[in-house]
2 protein chains.
Amino acid sequence: MGDIPDAGEPTLEEQIAAYQREFQGLDPQVEKIVSALSRLNRRMNVAYGRQTAELGISNAEWEVLKALVLSGAPYRMGPSDLAKRLGLTPAAMTHRIDRMVAEGLVHRERDESNRVRVIIELTSEGREKWLEAMRLASVFEEDLLQDLTPAERAVLGEVLTRLLRRVEHAQPDAGGRLNDLE
Amino acid sequence: MGDIPDAGEPTLEEQIAAYQREFQGLDPQVEKIVSALSRLNRRMNVAYGRQTAELGISNAEWEVLKALVLSGAPYRMGPSDLAKRLGLTPAAMTHRIDRMVAEGLVHRERDESNRVRVIIELTSEGREKWLEAMRLASVFEEDLLQDLTPAERAVLGEVLTRLLRRVEHAQPDAGGRLNDLE
DNA sequence: GCTTCGAAGTTTAGTTTCGAACTCTTCAGA
DNA sequence: TCTGAAGAGTTCGAAACTAAACTTCGAAGC
């Protein structure tokens, strides 16, 4: 027990070996980094999902709460802004807000100064839910990184930030290469 | 232009600052690592999606092709195994296979030696699609990591693998702490 | 041999999302 | 003022997923 990472999933080492076998000319180190990154993220999302589920909210709802809290007091955003921020279509946002209003996590009202707009505002209950979720998440995250030395944390943070900047300011073209967007 | 990472999304630094403001007692370095990890993964998936879309397949289909190829010749798996491997319910797997059979990417047949089972086998067309996708993906990945020094690559790979092992062999309990499953 | 249990896959009902059409409001220009 | 255009949000229909019920086959026990 404990040796099988997930049902039917090969270990990272087995997967790298399989890639080498099936596709020539692949750098094992690159593939290791990319595969580990992807898996790690997946596992972390599962962990977050477990935690939020215990608070009676879904991962999707947690994302909305997060966006609202991080926008700062008075914790208000329009549906379109939320949709862009979360990468959803406006239609999906409408439905998601419907649910969250019904659960008392957010409040929806029409902006009287511009009657086309709608204001989504965090309720105190919604803010409390987010705080509870953050308490759980922060303990989990600290625990996850606990074995890393200060030097390793520094390098990891710096390198990931650099990679992120590279992806954010560039997008792959048809051939897969990253072109600077200027 | 090029300074706005994504529509309406704050920069990583702004987001960390917002976390510090809204939630006391958070380690900025931990949050930086976790946030960068999550964002980086999201951007990479968008990039992969763009590439596979160009080949006329979805990201979901690419995952199935990947599982089959990595299983090794003769590239056969049962629907249940595929579902477990991809983290889907058997029902979703049935439908996904339906589509892929219609597109000629995989072949479905009943196992005559055990008539409860079904065998999903990669077609040569499916294998070719995967190879094309891999060619694009590997260029993208090499390009993404191109600015990293050999030392940085080594540390990154090692640290990520260590973190992955920690999440894989342990699961957070109600309080968020990681317990060894033994 | 018959029965029961369990495993593999499909079907059905309900949820969440996307794409596109639609409504309502605001603003610019004749 | 009236009209046209654009933006914000919702509604509608279709796609993809989950959970649960169902079907079929195989294996074990009596």
Side-chain angles (χ1 to χ4, degrees), chain A residues 6-8 42 45-46 48-50 52-53 56-68 71 76-103 105-121, chain B residues 6-8 42 45-46 48-50 52-53 56-68 71 76-103 105-121:
Chain A
D6 202 11
R42 207 169 348 126
N45 283 336
V46 170
Y48 289 135
R50 249 191 278 262
T52 55
I57 63 177
S58 70
N59 233 328
E61 289 167 333
W62 184 45
E63 300 256 323
V64 177
L65 297 180
K66 182 165 72 176
L68 283 168
S71 77
R76 297 169 157 218
M77 292 180 76
S80 301
D81 301 325
L82 275 172
K84 276 192 215 112
R85 177 78 186 68
L86 301 183
L88 293 180
T89 60
M93 204 65 238
T94 294
H95 296 314
R96 201 182 274 192
I97 289 168
D98 286 346
R99 280 171 260 149
M100 295 181 70
V101 167
E103 292 164 9
L105 297 171
V106 300
H107 176 69
R108 166 158 44 190
E109 72 181 304
R110 173 157 269 108
D111 183 349
E112 289 305 330
S113 73
N114 183 341
R115 298 178 42 72
V116 171
R117 289 171 188 273
V118 168
I119 299 176
I120 307 303
E121 180 173 342
Chain B
D6 202 13
R42 206 168 351 127
N45 283 336
V46 170
Y48 289 136
R50 249 192 278 262
T52 55
I57 63 177
S58 70
N59 232 329
E61 289 167 333
W62 184 44
E63 300 257 323
V64 177
L65 297 180
K66 181 164 73 176
L68 283 168
S71 77
R76 298 170 156 215
M77 292 179 77
S80 301
D81 301 325
L82 275 171
K84 275 190 215 114
R85 178 77 187 68
L86 302 184
L88 293 179
T89 60
M93 204 64 239
T94 294
H95 296 315
R96 200 181 275 193
I97 290 169
D98 286 347
R99 294 189 295 265
M100 295 182 71
V101 167
E103 293 165 8
L105 296 171
V106 301
H107 176 69
R108 167 158 43 190
E109 70 181 304
R110 173 157 269 106
D111 183 348
E112 289 305 331
S113 73
N114 184 342
R115 298 177 45 72
V116 172
R117 290 172 186 273
V118 168
I119 299 175
I120 307 303
E121 180 174 343

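Chain naming here is simple, since letters A, B, ... match the order of the sequence lines and numbering starts at 1 in each.
Residue Ser71(B) holds its OG atom at 8.0 Å from CG of Leu82(B), rounded to the nearest 0.5 Å. To the nearest 0.5 angstrom, Met93(A) atom CE is 10.0 Å from Ser80(A) atom OG.
What separates CD of Glu61(A) from C1' of dT16(C) is a distance of 12 Å, to the nearest Å. Nucleotide dC18(C) holds its P atom 15 Å from the NZ atom of Lys84(A), rounded to whole Å. Regarding Ile97(A), its CD1 atom lies at a distance of 14 Å from the P atom of dT16(C), rounded to whole Å. As a whole-Å value, the separation of Ile119(A) CD1 from dT10(D) P is 13 Å. Counting to the nearest Å, the P atom of dT17(C) and the CG atom of Leu86(A) are 10 Å from each other. Distance CG (Asp98(A)) to C1' (dG9(D)): 11 Å, rounded to an integer number of Å. Distance CG (Asp81(B)) to C1' (dA8(C)): 10 Å, rounded to an integer number of Å.
By the 4.5 Å heavy-atom criterion applied to side chains, Lys66(B) and Arg85(B) are not counted as neighbours. Contact of the Pro79(A) side chain with the Ile120(A) side chain is registered, since non-hydrogen atoms from C-beta on lie closer than 4.5 Å. Within the 4.5 Å cutoff, the side chain of Lys84(A) has no heavy atoms near those of the Met77(A) side chain. When side chains are defined from C-beta on, Ile57(B) does not count as touching Met100(B), because their heavy atoms never get closer than 4.5 Å. Taking 4.5 Å as the limit, every side-chain heavy atom of Leu105(B) sits out of range of all side-chain heavy atoms of Arg99(B).
Here the nucleotide nearest the side chain of Ser80(A), chosen from dG9(D), dG9(C), dT10(D), is dG9(D).
For the pair Arg108(A) and Val101(A), the tightest heavy-atom approach, listed with the atom from each and the gap, is CB-CG2, 4.0 Å. Nearest approach of Thr52(A) to Asn59(A), heavy atoms of both residues: OG1-N, 3.9 Å.
With hydrogens and angles disregarded, no donor-acceptor distance shorter than 3.5 Å links the side chain of Glu63(A) to the backbone of Ala60(A).
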Check against side-chain contact (heavy atoms from CB on, under 4.5 Å), Arg96(B) and Leu86(B): CA-CA 11 Å; Arg96(B) 200 181 275 193; Leu86(B) 302 184; 3.7 Å; yes
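Distances shown here put every side-chain N or O of Arg117(B) at or beyond 4.0 Å from the OP1 or OP2 atom of dT10(C).
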Give each protein N/O atom lying under 3.5 Å from an N/O atom of nucleotides 24-27 of chain C, with the pair distance.
| unit_1 | atom_1 | unit_2 | atom_2 | d |
| --- | --- | --- | --- | --- |
| dT26(C) | OP1 | Arg115(A) | N | 3.1 |

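Rounded to 10 degrees, the angle separating the terminal helix axes of the helix from dG1(C)-dC30(D) to dA30(C)-dT1(D), each built from five base pairs, is 0°.
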query: How does each nucleotide of nucleotides 13-20 of chain D score, in 5' to 3' order, for protein heavy atoms under 4.0 Å: base (B), sugar-phosphate only (S), or none (-)?
result: ---SSBBB
